[in-house]
Amino acid sequence: MLYRSLPSLLLLLNVTFIQAAEPPSFTRDVAPLLVRHCVACHGAKNPQGGYQLHTLARAVVAGESDNAPLVAGKPEESEWLRLITSTDPTERMPKDRPALATAEIEVLRRW
């Protein structure tokens, strides 16, 4: 019985591996995180720090800091990632709210 289900098990493991290796999708993975954690303060109306995240086109435009919010392929140079991973409570985002979960930060880093 196990012998007959082995191909199905291997196929399932292969599909799971492919999905895990697939880069995050803005629509499926990133946008829901932004809505949940960021858009309340960085939306179209009265964006804090002059930075907006309500659209992808606005998310790549620097706010008052003039630092590049997102640097494609270089998460370590992205101001966005620096702020959400900061250990300084005066600058960590989201401000005055719980930090993003490690898995959420990893989605943003991989995106």
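Numbering starts at 1 and runs along the sequence shown.
- Taking CG from Leu70 and CG from Leu108, the interatomic distance works out to 9.0 Å, rounded to the nearest 0.5 Å.
- In this structure, Val60 and Ala57 approach most closely via the heavy-atom pair CG2-O, 3.3 Å.
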Could you list the donor-acceptor pairs under 3.5 angstrom formed by side chains in residues 39-50, with sequence neighbours left out?
from	atom 1	to	atom 2	distance (Å)
His42	ND1	Gln48	O	3.1
His42	ND1	Tyr51	O	3.0
Gln48	NE2	Asn46	O	3.4

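- Hydrophobic clustering places Leu100 together with Val107 (ILVMFWY residues linked when any side-chain heavy atoms are closer than 4.5 Å, directly or through intermediates).
- Under the side chain to side chain donor-acceptor pair (under 3.5 Å) criterion, His37 pairs with Glu104, not counting sequence neighbours.
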**Item:** Verdict with supporting geometry, Asn67 and Trp80, side chain to side chain contact (heavy atoms under 4.5 Å, CB included)
**Value:** CA-CA 9 Å; Asn67 296 329; Trp80 194 30; over 6 Å; no

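- The backbone N or O of Pro94 sits less than 3.5 Å from a side-chain atom of Arg92, completing a donor-acceptor pair.
- Considering only residues two or more places apart in sequence or on other chains, Pro32 meets the side-chain contact (heavy atoms from CB on, under 4.5 Å) condition with none of them.
- Taking Glu77 as the reference, nothing meets the salt bridge (Lys or Arg N to Asp or Glu O under 4.0 Å) condition, with sequence neighbours excluded.
- The side-chain contact (heavy atoms from CB on, under 4.5 Å) search around Glu91 returns Arg82, Leu83, Ser86, Asp88, not counting sequence neighbours.
- Pairs engaging residues 53-66 under the side chain to side chain donor-acceptor pair (under 3.5 Å) rule: Gln52-Arg58 [sequence neighbours left out].
- Interatomic distance, SG of Cys38 versus CG of Leu33, reported as 8.0 Å (0.5 Å rounding).
- Heavy atoms only, all atoms of each residue included: Ala59 and Pro69 are closest at O-CG, 3.3 Å.
- When hydrophobic clusters are built by joining Ile, Leu, Val, Met, Phe, Trp and Tyr residues whose side-chain heavy atoms come closer than 4.5 Å, directly or via intermediates, Ile105 is grouped together with Leu53.
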Problem set entry | Working for salt bridge (Lys or Arg N to Asp or Glu O under 4.0 Å), residues Arg110 and Glu22 | CA-CA 10 Å; Arg110 288 180 41 231; Glu22 182 180 303; over 6 Å; no

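- Hydrophobic clustering places Met93 together with Trp111 (ILVMFWY residues linked when any side-chain heavy atoms are closer than 4.5 Å, directly or through intermediates).
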